[in-house]
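One structure coming up, written as structure tokens, with questions to follow.
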2 protein chains.
Amino acid sequence: MFHRPKPPRTAAPFPRRRQLQRSTIRCMPVTMKDIARDLGVSVVTISKVLRNHDDISEETRKRVLARVKELNYRPNLAARGLVTGHTYLIGLVVPDLLHPFFAEVAKSLSRVLLKKGYYLIISSSEEDEELEAREIDQLLGRSLDALVIASSCLTRDILRGIEEHGTPYVLIDRRFAGTPANYVGVDDEAVGVLATEHLIEMGCRRIAHLRGPENSPGVERLKGYRDTMAKHNLPILPNYVSEQRTVDVQSRESGAESMRQLLALKPRPDGVFCYNDPMAMGAINSILESGLKVPEDIAVIGSGNIHYAPLLRVPLSSIDQHTEEIGERAARLALALVEAKTPPRPKSIVLQPSLVVRASSSKTRIKPRTQEK
Amino acid sequence: MFHRPKPPRTAAPFPRRRQLQRSTIRCMPVTMKDIARDLGVSVVTISKVLRNHDDISEETRKRVLARVKELNYRPNLAARGLVTGHTYLIGLVVPDLLHPFFAEVAKSLSRVLLKKGYYLIISSSEEDEELEAREIDQLLGRSLDALVIASSCLTRDILRGIEEHGTPYVLIDRRFAGTPANYVGVDDEAVGVLATEHLIEMGCRRIAHLRGPENSPGVERLKGYRDTMAKHNLPILPNYVSEQRTVDVQSRESGAESMRQLLALKPRPDGVFCYNDPMAMGAINSILESGLKVPEDIAVIGSGNIHYAPLLRVPLSSIDQHTEEIGERAARLALALVEAKTPPRPKSIVLQPSLVVRASSSKTRIKPRTQEK
DNA sequence: CGTGTTAACGTTAACGATAACTTTAAAGCC
DNA sequence: GGCTTTAAAGTTATCGTTAACGTTAACACG
């Protein structure tokens, strides 16, 4: 199937003109030219048939379609995109596919896009800034119709590059202050408020926070936490907000490490709100390792409501960020951008988070607000 | 940035020839033509500079590079691929990105490929046969250099289509009997053997199996299970192998449902080997719901060793399938195919699985073979 | 009969880029 | 000086496909 010197597909082959010598000798898929030669018509005729142009006689159409099927012809979408300026391709950049939040977003994005005939290509940056820049370059180079970015390490420079390139884009999860851009995400301050309010309601008084990185929704979640503590006249004790120095910010390991530091403090916290669920899982691990109990000694709540949260050693309370809806909204927004004749004003969609109570924070016998299977 | 009627970028613009009217009026990224016009040289010169051709004077090179940077030019990779027949694009088709196995494979695949300058595009079929066919069509249409397929619902027809199209491909996780193809996966019979042997060693005698779907590695795992039971002269009681009628075969729900049926049997099993970890998680849920204990009443072992297996309500024993290595090997194999001048003979890489013992199967006080944090 | 319409194609240029030659001018050599 | 050589470009054709327009023949109509 590799070095297949294109055989004449017709009885009397036209003398082919000088054939470009390809650098790598490789496969040669069937093209419209082959079919045209076979049938003794022009390529345009084939093209018209395939695009359901009404310019073609029923007979020709049938002959073409028959041959197309027979040869298992597939249009070269790259070539088509080159001419039409429309690839029906939408790119998604995420920091980590192993993080269920992003996998779920990808899933719902894809579902909506496919319905409209668009196709999602996913790219994971592994939380690496340089790699992410490369991947975005790649994606822009493929001339996508739009780009959806859920990045943990997007720089303003890169964003400017995208803007200049002219590809419309939607940010999700993390927004850029100052730059008006299309954005879909959850109200992160509300996340902080909800979580903190809940812990307070459960009777916690010394509430700590494992924060997210500087350039992340973690900043607003932190604000929500601080404001709520202030509102209830509860002090935030020294070092009760973890420093985020770890590189691998999303991980359980960083949660575990930060929690260990918290445990060494006096007085020890009786509740912890974590930036996300993996960190909460790590935190719970550290607490259990130290011989304490969750939630009796320390209540824990995360954010993201990852799908296996109910199945953990200590079923994890979490703030649901409506991942699926984020994906759907982002998809619809992206499609709107693609189909717009002129660039619409940037639109910001902010969803309200909701609380999901499970064992990790059910300290008192208050009935949980949300029921879980 | 959208309807930008391409402005003359030079002082004395050449009268542009009839401009193609694009159907959708959209952005217009910078092209080599723009730079060439600016600098008063031909596009070929630009192309040569960008490809480090030694045909260019130092001065011109500098001028070109400066302008390239200034305009933030990005080569159109689709156009380039059209001419060179080499896209540096490798596609991956997985049934479900939420399943950590596939996300992990994607991760390690991507890591290896990026090092070699190749770029991975991921596509998830959501376990839907029709959708998968569409996605593969899409990918083939984009003229990838190679395709890696981890499919749960690949048909022989689709495979033939890929073959005819000429794109080299590597199957992972699931192989096709009868068709010799490039393949990377784990020794699935050994998975069944390892799991079953372990349960027997733990003292189980009435061991059941939640099997995977018909066209999946589940078949070989079942065989391993059967053979091992036979080897130890243990009977497989009636209905001890779950029927797989559920659509959503990979899911916890199907595991939970099958387990409920097993629990109704008399005598009840004292050990269960599950096709994969999500099913095992579902099974454990059902067991606990019924008031029984894991592993005391029923030991459970899964396969895949998903990363959060140690953190589950009952930390899950599992057979490790060396996911990362599968990804790496598949990447290397794919690269070999791309770079081969002639199609090499299909190669089959089969890895040996290993046992990871955690609480869900530590029935007796035998020291676990593998230690886990 | 000439003009206009229409159905069913075909021609040409273009998309953005590269491969393989050609050209041009300066330099090198005897 | 006349010749070859070489450096540094430029020309042309091509990748697979589509948009815009051109052509042709048949037929209708007044």
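A note on names: the letters A, B, ... follow the listed sequences, proteins ahead of strands, and every chain is numbered from 1. These numbers come from the heavy atoms of this one structure, side chains and all, not from hydrogens, waters or symmetry mates.
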Inset, instruction - From the options D:dT18, D:dT12, C:dG16, select the nucleotide whose nearest atom is closest to the side chain of B:V83. - result: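 That would be C:dG16.
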
Legend entry - A:K48, nearest nucleotide to its side chain (from D:dC21, C:dT18, D:dG10):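 Looking only at side-chain atoms, A:K48 lies closest to D:dC21.
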
Inset, instruction - Round to a whole Å and report the spacing from CZ of A:R74 to P of D:dT17. - result: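 Value for this atom pair: 13 Å.
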
Legend entry - Side-chain H-bond candidate by donor/acceptor type, A:H165 with A:T167, under 3.5 Å: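 Yes.
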
Inset, instruction - May I ask you to check whether A:Q138 and A:R134 show a side-chain donor-acceptor distance below 3.5 Å? - result: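 No, no side-chain donor-acceptor contact under 3.5 Å.
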
Legend entry - Inter- and intrachain pairs under salt bridge (charged side-chain N to carboxylate O under 4.0 Å, His left out), touching residues 69-83 of chain B, at least two apart: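 Residue pairs with at least one partner in residues 69-83 of chain B: A:D137-B:R74, B:R67-B:E70.
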
Legend entry - Rounded (10°) bend between the five-pair end axes of the helix from C:dC1-D:dG30 to C:dC30-D:dG1: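 The end axes of the helix from C:dC1-D:dG30 to C:dC30-D:dG1 are about 60° apart, to the nearest 10°.
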
Inset, instruction - Compare side-chain N and O positions of A:T84 against OP1 and OP2 of D:dT18 and report whether any pair is under 4.0 Å apart. - result: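 Negative; the distance criterion is not met.
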
Legend entry - DNA chain D: 5'-proximal contact among A:D55 and B:D55 (nearest heavy atom):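 Of the two residues, B:D55 wins.
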
Inset, instruction - Output the single nucleotide from D:dA9, C:dC9, D:dT17 whose closest atom is nearest the side chain of A:S57. - result: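 My answer, after comparing the listed nucleotides, is C:dC9.
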
Legend entry - Residues B:Y119 and A:E135: side-chain donor-acceptor under 3.5 angstrom: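 B:Y119 vs A:E135: no donor-acceptor pair found between side chains.
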
Legend entry - Closest nucleotide among D:dG16, C:dT11, D:dA9 to the A:L82 side chain: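 Nucleotide nearest to A:L82's side chain: D:dG16.
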
